[in-house]
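Predicted model only: the values in this text are computed from it and were never measured. Residue indices begin at 1 and follow the sequence shown.
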Amino acid sequence: QVQLVESGGGLVQAGGSLRLSCAASGRAFSTYTMGWFRQAPGKEREFVAAIGWSGTNTYYVDSVKGRFTISRDNAKNTVHLQMNSLKADDTAVYYCAAGPIGPLRGGRYDFWGQGTQVTVSS
């Protein structure tokens, strides 16, 4: 069982940056694949980025490649999403998720945080 708490959301102008954090509690954080998802108003939740258990492997949705960076610190049980060059289309509630070790693309996630709002003004 893993509990996840996101932080770092807020209001930012287009072109600005935000850094989201996800603090995990529970056992064996380093054995989980971690991911970030987002859900905009009236839209389905979509995958944003994932990182493997060691932090070596990452995967991003095309729309954020080159702008977002996912990272993790297994010693601190945290995962981050650095978001640069933000656009109005990035406005959404962002969720942290944890899942078993497996493929980063299309992987399964069993545990979810409550989400943090990111609003980008144009």
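- Note that CG of Leu86 is 12.5 Å distant from OG of Ser122, once rounded to the nearest 0.5 Å.
- Here the closest heavy-atom approach between residue Val118 and residue Gly9 is recorded as CG2-CA, 4.1 Å.
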Check the pair Asp90, Met83 against side chain to side chain contact (heavy atoms under 4.5 Å, CB included), reporting the backbone distance first and the verdict last. CA-CA 9 Å; Asp90 294 319; Met83 305 186 295; over 6 Å; no
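- The heavy-atom pair separating Val2 from Ala24 by the smallest distance is CG1-CB, 4.0 Å.
- Between Val12 and Leu18, the closest heavy-atom pair is CG1-CD1, 4.0 Å.
- Looking at every heavy atom in both residues, Thr33 comes nearest to Arg72 through CA-NH1, 4.3 Å.
- Residue pairs meeting the side-chain hydrogen bond (donor to acceptor under 3.5 Å, both in side chains) criterion with at least one partner in residues 39-49, sequence neighbours excluded, are Arg38-Glu46.
- Counting heavy-atom neighbours within 6.0 Å of Trp53 CH2, excluding the residue itself, gives a total of 12 or less.
- For the pair Asp62 and Lys65, the salt-bridge criterion is met [side-chain N within less than 4.0 Å of a carboxylate O].
- To the nearest 0.5 Å, atom OH of residue Tyr94 and atom OG of residue Ser7 are 15.0 Å apart.
- For the atom pair Leu20 CG and Gln82 CD, the distance stands at 9.0 Å (nearest 0.5 Å).
- Here the CG-OH distance, from Asn77 to Tyr32, works out to 11.0 Å after rounding to the nearest 0.5 Å.
- Taking the ring centre of Tyr60 as origin, the terminal cationic atom of Arg67 falls outside the region bounded by 6.0 Å and 45° from the ring axis.
- Proximity of a side-chain donor or acceptor of Glu6 to a complementary backbone N or O of Gln114 within less than 3.5 Å is detected.
- Side chains of Leu4 and Cys22 form a contact here, defined as non-hydrogen atoms less than 4.5 Å apart.
- Taking all atoms of both residues into account, the shortest heavy-atom contact from Gly99 to Tyr109 is N-CD2, 3.8 Å.
- The shortest side-chain heavy-atom distance between Ile70 and Tyr59 does not fall under the 4.5 Å cut-off.
- A centroid separation of 6.0 Å or more is found between the aromatic rings of Phe68 and Trp36.
- The line from OG1 of Thr91 to CD of Gln117 is 7.5 Å long, rounded to the nearest 0.5 Å.
- Rounding to the nearest 0.5 Å places OG of Ser25 at 9.0 Å from CD of Gln1.
- Scanning all heavy atoms of the two residues, the minimum distance from Ser17 to Asn84 falls at OG-OD1, 2.9 Å.
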